[in-house]
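Notes for the one structure printed next.
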Amino acid sequence: MTPYDFKYPDAARRRRFRPIPVRMLVPNVITLLAICAGLTAIRLSIEGRMSLAVYAIVFAAALDGIDGRIARLIKGQSKFGAELDSLADFVNFGVAPGLMLYFWQLHELGNAGWIAAMVFAISMCLRLARFNATIDDPNKPAFAANFFTGVPAPAGAITVLLPIYVAFLELGRWPAAVTAAYTLLIAFLMVSRLPVFSGKTMRMRVPPELVLPAFVAVIFFIALLISYPWYILSAGTVLYLLSLPLGYKSYRDQARAAGATAPSTSEGAQPQSSAALAANVPEQAHDDRPGRLH
């Protein structure tokens, strides 16, 4: 129990409720904006404004991509922010896309369509729980830091909406059963053990002479996304799904390389002498137990 200071009654309160730096609040505000975008996407899908709902999910994915980087940049990481980010990912990339697909087409299948949407949302929840549980795994090899286990949350949300992109391209609407099967496929990829390249550990530096062209390229991509959203999202989704086997191959190659270097390292170690082994054995002084029977 904290002692109460009768001379300075506000001292204990000041110790418990310390001022929070603004840099700790900025990433959390961005995460809350992403949650607002995800909830707005659910409302827009209920109202039938599906194109705006997709824009809201893409905006939430963009915010999710920058909140962690901004937190690391301004040193505003906190356990509260990490937990809030996981909850935001579940709402924005699990619940919202599943409901969008259900209101858009999966409701035609009745209970089967609802089960597909629910399985996708639950798979997102399980994937996030596994990520949080294994983020500090000490047995993880060094090269594994550059890979996700399963399709990450924002990518899963963007890829599962491919049937909507195709419909807006006027290429024909998928049958509801095909949309449900595709939704279950993406859900399986999220909870699978498939290594997916993340690129988080890559530190790319832009030469000074390419800084302005890099800005122009980013602006050009954003302009294309705004002008031709369904073409860009469809092409990006297909290319991402086709790249999954490449990430798996890269992980296997690095695992083999790490396994090949391990035996050579162990062979180079000199065996300890019997005197050294005896020195490592702790003395069993004052042990009154009888010896082991042979």
Side-chain angles (χ1 to χ4, degrees), residues 22-23 25-45 49-77 81 84-85 88-89 91-93 96-97 100 146-148 151-171 186 196-244 246-247 250:
V22 176
R23 59 182 173 82
L25 300 178
V26 172
N28 297 329
V29 171
I30 297 176
T31 304
L32 291 175
L33 289 176
I35 295 178
C36 293
L39 295 175
T40 303
I42 297 176
R43 174 193 172 183
L44 292 172
S45 63
R49 296 185 286 178
M50 197 58 61
S51 60
L52 294 178
V54 173
Y55 295 156
I57 293 297
V58 174
F59 181 63
L63 292 178
D64 179 76
I66 65 174
D67 61 353
R69 289 171 173 80
I70 291 178
R72 290 188 293 270
L73 181 64
I74 65 177
K75 297 182 180 180
Q77 306 100 314
L84 181 63
D85 186 71
D89 288 349
V91 173
N92 298 336
F93 310 130
M100 288 171 60
N146 206 31
F147 294 88
F148 291 118
V151 173
I158 297 297
T159 55
V160 80
L161 298 178
L162 178 62
I164 299 179
Y165 310 153
V166 174
F168 280 117
L169 286 175
E170 299 181 357
L171 297 178
I186 301 300
V196 179
F197 186 73
S198 66
K200 283 188 173 182
T201 59
M202 294 181 60
R203 295 184 177 181
M204 301 181 62
R205 295 183 178 272
V206 180
E209 63 274 10
L210 295 181
V211 171
L212 293 181
F215 279 121
V216 173
V218 171
I219 294 174
F220 181 70
F221 174 78
I222 295 175
L224 283 178
L225 183 61
I226 295 175
S227 302
Y228 307 97
W230 313 122
Y231 290 98
I232 300 300
L233 291 174
S234 299
T237 298
V238 173
L239 292 176
Y240 181 80
L241 293 176
L242 293 177
S243 69
L244 294 180
L246 299 179
S250 176

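Here the structure is a predicted model, which means the values were calculated and not measured. For the single chain, residues carry numbers from 1 onward in sequence order.
To the nearest 0.5 angstrom, Ile35 atom CD1 is 11.5 Å from Thr40 atom OG1. We find the CZ-OG distance between Phe220 and Ser227 to be 9.5 Å, quoted to the nearest 0.5 Å. With values rounded to the nearest 0.5 angstrom, Phe59 atom CZ is found 12.0 Å from Asp64 atom CG.
Taking Ser51 as the reference, Phe168, Trp230 meet the side-chain contact (heavy atoms from CB on, under 4.5 Å) condition, with sequence neighbours excluded. Considering only residues two or more places apart in sequence or on other chains, Ile232 meets the side-chain contact (heavy atoms from CB on, under 4.5 Å) condition with Phe221, Leu224, Leu225. When the side-chain contact (heavy atoms from CB on, under 4.5 Å) test is applied to Ala53, the partners found at least two apart in sequence or on another chain are Ala41, Leu44, Ser45, Met50, Met100. Checked against side-chain hydrogen bond (donor to acceptor under 3.5 Å, both in side chains), Thr31 has the following partners two or more places apart in sequence or in another chain: Asp67. Considering only residues two or more places apart in sequence or on other chains, Ile66 meets the side-chain contact (heavy atoms from CB on, under 4.5 Å) condition with Ile30, Leu63, Ile70.
A pairwise comparison of heavy atoms in Ala61 and Pro154 identifies CB-CB, 4.3 Å as the closest pair. Here the closest non-hydrogen pair linking Pro97 and Asn92 is CD-O, 3.2 Å.
Identified under the salt bridge (charged side-chain N to carboxylate O under 4.0 Å, His left out) test for residues 210-226, with sequence neighbours left out: none. Every pair passing salt bridge (charged side-chain N to carboxylate O under 4.0 Å, His left out) that includes a residue from residues 26-43 is listed here, sequence neighbours excluded: Arg43-Glu47.
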Report all side-chain donor-acceptor pairs from residues 237-244 shorter than 3.5 Å, counting only partners two or more places apart or in another chain.
unit_1	atom_1	unit_2	atom_2	d
Thr237	OG1	Leu233	O	2.8
Ser243	OG	Tyr240	O	2.6

Distance-only donor-acceptor pairs under 3.5 Å for side chains of residues 155-165, two or more places apart:
unit_1	atom_1	unit_2	atom_2	d
Thr159	OG1	Ala155	O	2.8
Thr159	OG1	Gly156	O	3.1
Tyr165	OH	Ile158	O	2.8

- Criterion side-chain contact (heavy atoms from CB on, under 4.5 Å) on Leu84 and Leu32, from CA distance to verdict: CA-CA 8 Å; Leu84 181 63; Leu32 291 175; 4.1 Å; yes
